[in-house]
Amino acid sequence: MATFQPVRGTHDLVGDTARRHAHVIETARRLAHLYGMEDVDTPVFEFTPVFARTLGDASDVVRKEMYTFADRGGEEITLRPEFTAGIARAFISGGMRQNLPLKFFAAGPVFRYERPQKGRQRQFHQIDAEILGVEGPQADIEVIALGHDILAALGVGANCRLELNSLGDAESHAAYREALIAYFSGHKDKLSADSVERLERNPLRILDSKDEGDRALLPDAPRIEDSLNDHSRDFFQAVKDGLDALGIAYQLNPRLVRGLDYYTHTAFEFITEDLGAQGTVLGGGRYDGLIELLGGPATPGVGWAAGIERLAMLLAAVPERPRPVALVPLGPAADAEALRLAHQLRAAGVTVEHGYRGNLGRRLKRADKLGARAAVILGEDELARGVATLRDLDGGEQREVPLGDLVATLAPPDGAVG
RNA sequence: GCGGGUGUAGCUCAGUCGGUUAGAGCGCCAGAUUGUGGCUCUGGAGGUCGCCGGUUCAAUUCCGGUCACUCGCCCCA
């Protein structure tokens with residue numbers, strides 16, 4: 001290979017892309033904090049069983065999408081394909097059960113060996129929210145409300161619909177699974193090859209199939225509602241009531257199932273039509289058995305993850321950078337003064353750009369390209385008189401300002417960001 | 001993992017029914033304007049036509065493979 005390309009399915013985040021990315025994270029984090037969530041950052045790799053055991057042997061993620069390797073010490077390591085399992089592991093190893101309930105927010109890269117396409121990469125980034133230790137449906141409602149608020153704050157909420165379903169508790173879930181197996185086994189000859197395989201591994205997924213033949217069987221298939229026991233039904237009703245009370249619109253989708261094994265009760269996805277086949281922008285649900293599955297104390301949980309790249313693509317506009325003030329020193333004495341001045345201005349909250357090189361025209365041109373709001377021109381004669389020329393780059397008018405007054409003139413009003 | 005499409009300048013793309021120096025717009029650099037940006041004008045730099053191989057007197061153009069992107073399946077964020 002003569003020149004290096006990025007590894008397949010990985011991307012550099014630069015310029016506008018980086019700014020969109022950062023904006024998604026900052027917005028989400030700000031709102032998560034309003035919900036009382038705390039930031040967590042768990043390692044990007046874990047011992048393989050942390051994921052293999054929790055996600056389920058039947059899931060595609062475990063079967064063919066994990067980046068798994070033996071490290072130099074011979075440990076079986078996996079790059080995280082999602083956040084929840086790592087956070088659950090941190091909860092157990094950190095002995096955090098004393099502090100329940102816990103609310104966490106995380107953001108960072110995750111890794112899945114998939115065939116890349118738009119909105120699907122091998123290294124991508126997620127934001128993630130989890131509530132641990134709350135048995136009741138309030139946590140489900142709040143976590144969904146947070147997702148809803150983040151999409152709204154990003155300006156993409158109008159293009160997303162919320163789909164909602166309940167998989168029921170473990171008992172209901174198992175009963176439904178049996179009912180589906182019984183039904184589809186009777187129609188095995190009409191199922192697609194994919195679905196025959198799903199019948200073995202994860203029959204719920206057949207409900208999600210896009211194959212025409214499979215879909216024809218669905219109207220008569222057992223319905224999840226019929227398998228929910230009283231507790232599960234009440235729980236689901238409480239979640240729906242809560243969303244109604246908050247004015248969050250949703251659409252019931254009895255065929256909404258999630259690919260990872262650990263989900264119980266509530267399952268939801270915010271879906272957009274604007275990203276082609278990769279329509280799910282934020283998805284999650286309740287996972288009451290997960291922590292126990294990892295060997296921890298039985299602890300309920302609800303949460304979701306959202307794809308930062310997908311959200312970033314949906315942003316209508318590229319977030320703007322703050323408009324800087326450009327310093328334009330001319331000559332060595334002015335260079336020294338400019339350094340000092342830049343320091344003072346930044347301390348006062350002003351975004352400052354140095355041109356670093358070139359004559360006046362060149363530096364102004366660069367200032368213009370950076371979108372500077374003003375230029376401070378420091379020439380030899382100005383310095384000698386203790387002033388600077390302050391040029392407004394929008395209008396073009398300029399005036400002389402004593403050096404000592406520059407900070408006061410350019411600093412934003414209290415609290416504002418300039 | 002399966003099926004289709006695409007790959008020409010930093011970016012967006014045209015073009016070559018196989019034939020001499022491969023083009024445009026935007027961007028970049030310089031000049032018109034020796035301390036005044038944007039607008040305009042003039043000039044300039046920048047390409048192994050994704051990579052490897054085959055066919056041919058001749059391949060950026062045709063064929064095969066490969067890599068990457070992309071659309072769908074699968075799966076998921």
Side-chain angles (χ1 to χ4, degrees), chain A residues 1-11 14-16 24 55 58-65 81-84 107-128 147 160 192-195 197-198 201-202 205 208-212 214 256-260 269-272 275-284 303-314 326 328-331 334 355 358-382 389-398:
Chain A
M1 205 191 296
T3 56
F4 284 111
Q5 295 181 321
V7 173
R8 183 174 203 200
T10 67
H11 293 279
V14 185
D16 286 359
V24 170
L55 300 180
S59 74
D60 275 38
V61 171
V62 171
R63 287 171 58 243
K64 45 195 188 192
E65 294 176 2
E82 56 114 36
F83 276 87
T84 311
V110 290
F111 307 84
R112 291 183 199 172
Y113 191 87
E114 293 190 273
R115 174 125 173 202
Q117 45 180 275
K118 183 179 181 177
R120 197 167 82 183
Q121 304 162 209
R122 289 183 173 181
Q123 177 180 168
F124 62 104
H125 300 79
Q126 291 186 330
I127 49 179
D128 183 274
C160 297
S192 66
D194 277 336
S195 285
E197 217 191 309
R198 283 191 273 240
R201 292 206 321 270
N202 191 351
R205 287 236 72 101
D208 220 12
S209 174
K210 287 171 189 162
D211 181 86
E212 299 243 339
D214 292 349
L256 172 66
V257 295
R258 315 233 71 236
L260 310 182
E269 290 186 9
F270 285 87
I271 298 170
T272 178
L275 290 178
Q278 274 62 242
T280 301
V281 122
L282 183 154
W304 51 253
I308 297 176
E309 283 82 356
R310 291 184 186 177
L311 290 170
M313 280 190 285
L314 290 174
V328 183
L330 302 167
N359 59 21
L360 178 58
R362 185 187 166 98
R363 288 182 193 241
L364 281 179
K365 191 174 268 192
R366 180 172 160 76
D368 183 62
K369 206 181 316 170
L370 290 169
R373 56 192 239 249
V376 175
I377 301 167
L378 291 163
E380 301 291 339
D381 50 324
E382 279 110 331
T389 298
L390 178 61
R391 181 176 178 82
D392 180 308
L393 290 178
D394 292 324
E397 61 278 3
Q398 59 187 44

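All chains are named by letter (A, B, ...) in the order of the sequence lines, taking the proteins before the strands, and each is independently numbered beginning at 1. The figures here come from the full heavy-atom set of this structure, side chains too, leaving out hydrogens, waters and symmetry mates.
- Protein atom CD of Glu82(A) is 11 Å distant from nucleotide atom P of rC76(B), rounded to whole Å.
- Here the C1' atom of nucleotide rC76(B) and the CZ atom of Arg310(A) are 6 Å apart, to the nearest Å.
- When heavy atoms are screened at a 4.0 angstrom cut-off, Ile308(A) is found touching no nucleic acid atom at all.
- No option in Gln123(A), Gln126(A), Gln121(A) other than Gln123(A) meets the side chain to side chain contact (heavy atoms under 4.5 Å, CB included) test with Pro109(A).
- For rA32(B) and rA22(B), the P atoms lie 32 Å apart once the distance is rounded to whole Å.
- Across the strands present, rG1(B) finds its partner in rC73(B); the criterion is a Watson-Crick or G-U wobble pair with both atom distances under 3.5 angstrom.
- Put simply, the side chain of Leu378(A) does not reach to within 4.5 Å of the side chain of Leu330(A), judged on heavy atoms.
- Backbone-only contact: Leu282(A) has heavy atoms under 4.0 Å from sugar-phosphate atoms and none from a base.
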Contacts table for residues 304-314 of chain A: side-chain donor-acceptor under 3.5 angstrom, sequence neighbours left out:
| residue | atom | partner | partner atom | Å |
| --- | --- | --- | --- | --- |
| Trp304(A) | NE1 | Val143(A) | O | 2.9 |
| Glu309(A) | OE1 | His125(A) | N | 2.9 |
| Glu309(A) | OE2 | His125(A) | N | 3.3 |
| Glu309(A) | OE2 | His125(A) | ND1 | 2.7 |
| Arg310(A) | NE | Gly119(A) | O | 2.8 |
| Arg310(A) | NH1 | Thr280(A) | O | 2.7 |
| Arg310(A) | NH2 | Gly119(A) | O | 3.0 |

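- Taking the side chain as every heavy atom from C-beta outward, Thr84(A) and Asp128(A) approach each other to under 4.5 Å.
- A search for side-chain contact (heavy atoms from CB on, under 4.5 Å) contacts involving Asp368(A) returns nothing, not counting sequence neighbours.
- With sequence neighbours excluded, no residue satisfies salt bridge (Lys or Arg N to Asp or Glu O under 4.0 Å) with Asp392(A).
- Using a 4.0 Å heavy-atom cutoff across all strands shown, Asp394(A) reaches at least one base atom of the nucleic acid.
- Between Arg120(A) and Arg112(A) the shortest side-chain heavy-atom distance does not fall below 4.5 Å.
- Across rC76(B), rU36(B), rC75(B), the shortest atom-to-atom separation from the side chain of Thr389(A) is found for rU36(B).
- Nearest-nucleotide assignment on RNA chain B puts the 5′-proximal partner with Asp392(A), out of Leu275(A) and Asp392(A).
- The nucleotide rG46(B) finds no pairing partner, because no Watson-Crick or G-U wobble arrangement with both distances shorter than 3.5 Å includes it.
- Across all strands shown, Ala367(A) has no heavy atoms under 4.0 Å from either base or sugar-phosphate atoms.
- A donor and an acceptor atom never sit less than 3.5 Å apart when one is taken from the side chain of Asp368(A) and the other from the base of rG38(B).
- Rounded to an integer number of Å, the gap from Phe270(A) CZ to rA77(B) C1' is 14 Å.
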Under 3.5 Å, which protein N or O atoms sit close to an N or O of nucleotides 27-33 of chain B? Give each pair with its distance.
| residue | atom | partner | partner atom | Å |
| --- | --- | --- | --- | --- |
| rC28(B) | OP1 | Lys369(A) | NZ | 3.2 |
| rA30(B) | OP1 | Arg362(A) | NH1 | 2.8 |

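- Of all nucleotides listed (rA77(B), rU36(B), rC76(B)), rU36(B) comes nearest to the side chain of Leu364(A).
- Across all strands, Arg120(A) comes closer than 4.0 Å to base atoms (heavy-atom distances).
- Look at rG37(B): it lacks any Watson-Crick or wobble partner with both distances under 3.5 angstrom.
- Using a 4.0 Å heavy-atom cutoff across all strands shown, Glu397(A) reaches no nucleic acid atom at all.
- Atom P of rG46(B) sits at a distance of 33 Å from the matching atom of rC67(B), rounded to the whole Å.
- In this structure, the CD1 atom of Ile271(A) is 11 Å from the P atom of rA77(B), given to the nearest Å.
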Pick out the pairs of N or O atoms, protein on one side and nucleotides 67-69 of chain B on the other, that lie under 3.5 Å.
| residue | atom | partner | partner atom | Å |
| --- | --- | --- | --- | --- |
| rC67(B) | O2' | Gln5(A) | OE1 | 3.1 |
| rC69(B) | OP1 | Gly9(A) | N | 3.0 |
| rC69(B) | OP2 | Arg8(A) | NE | 3.4 |

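- Across all strands shown, rU6(B) forms a Watson-Crick or G-U wobble pair with rA68(B), both key distances being under 3.5 Å.
- At a cut-off of 3.5 angstrom, counting only N and O atoms as typed in the model, there is a donor on one side and an acceptor on the other between the side-chain of Arg391(A) and the base of rG37(B).
- In this structure, Ile377(A) places its CD1 atom 9 Å from P of rU36(B), rounding to the nearest Å.
- With sequence neighbours excluded, the residues forming a side-chain contact (heavy atoms from CB on, under 4.5 Å) with Glu382(A) are Ile377(A), Arg385(A), Val387(A), Thr389(A), Glu400(A), listed by chain and number.
- The side-chain heavy atoms of Arg363(A) and Pro329(A), taken from C-beta on, include a pair separated by under 4.5 Å.
- The side chain to side chain donor-acceptor pair (under 3.5 Å) check on Glu380(A) picks up nothing, with sequence neighbours excluded.
- Here rC75(B) is the nucleotide among rC75(B), rG37(B), rG1(B) with the atom lying nearest to any side-chain atom of Glu114(A).
- Contacts of Gln398(A) with the nucleic acid, taken as non-hydrogen atoms under 4.0 Å apart, include base atoms.
- Toward the 5′ end of RNA chain B lies the nearest nucleotide of Gly395(A), the other residue of the pair Gly395(A) and Glu269(A) mapping further downstream.
- The distance from atom CD of Gln126(A) to atom P of rC76(B) is 13 Å, rounded to the nearest whole Å.
- When the C1' atom is compared between rG31(B) and rA68(B), the two are found 41 Å apart, to the nearest whole Å.
- Residues passing the side-chain contact (heavy atoms from CB on, under 4.5 Å) test with Arg122(A), sequence neighbours excluded: Arg8(A), Tyr67(A), Tyr113(A), Pro116(A).
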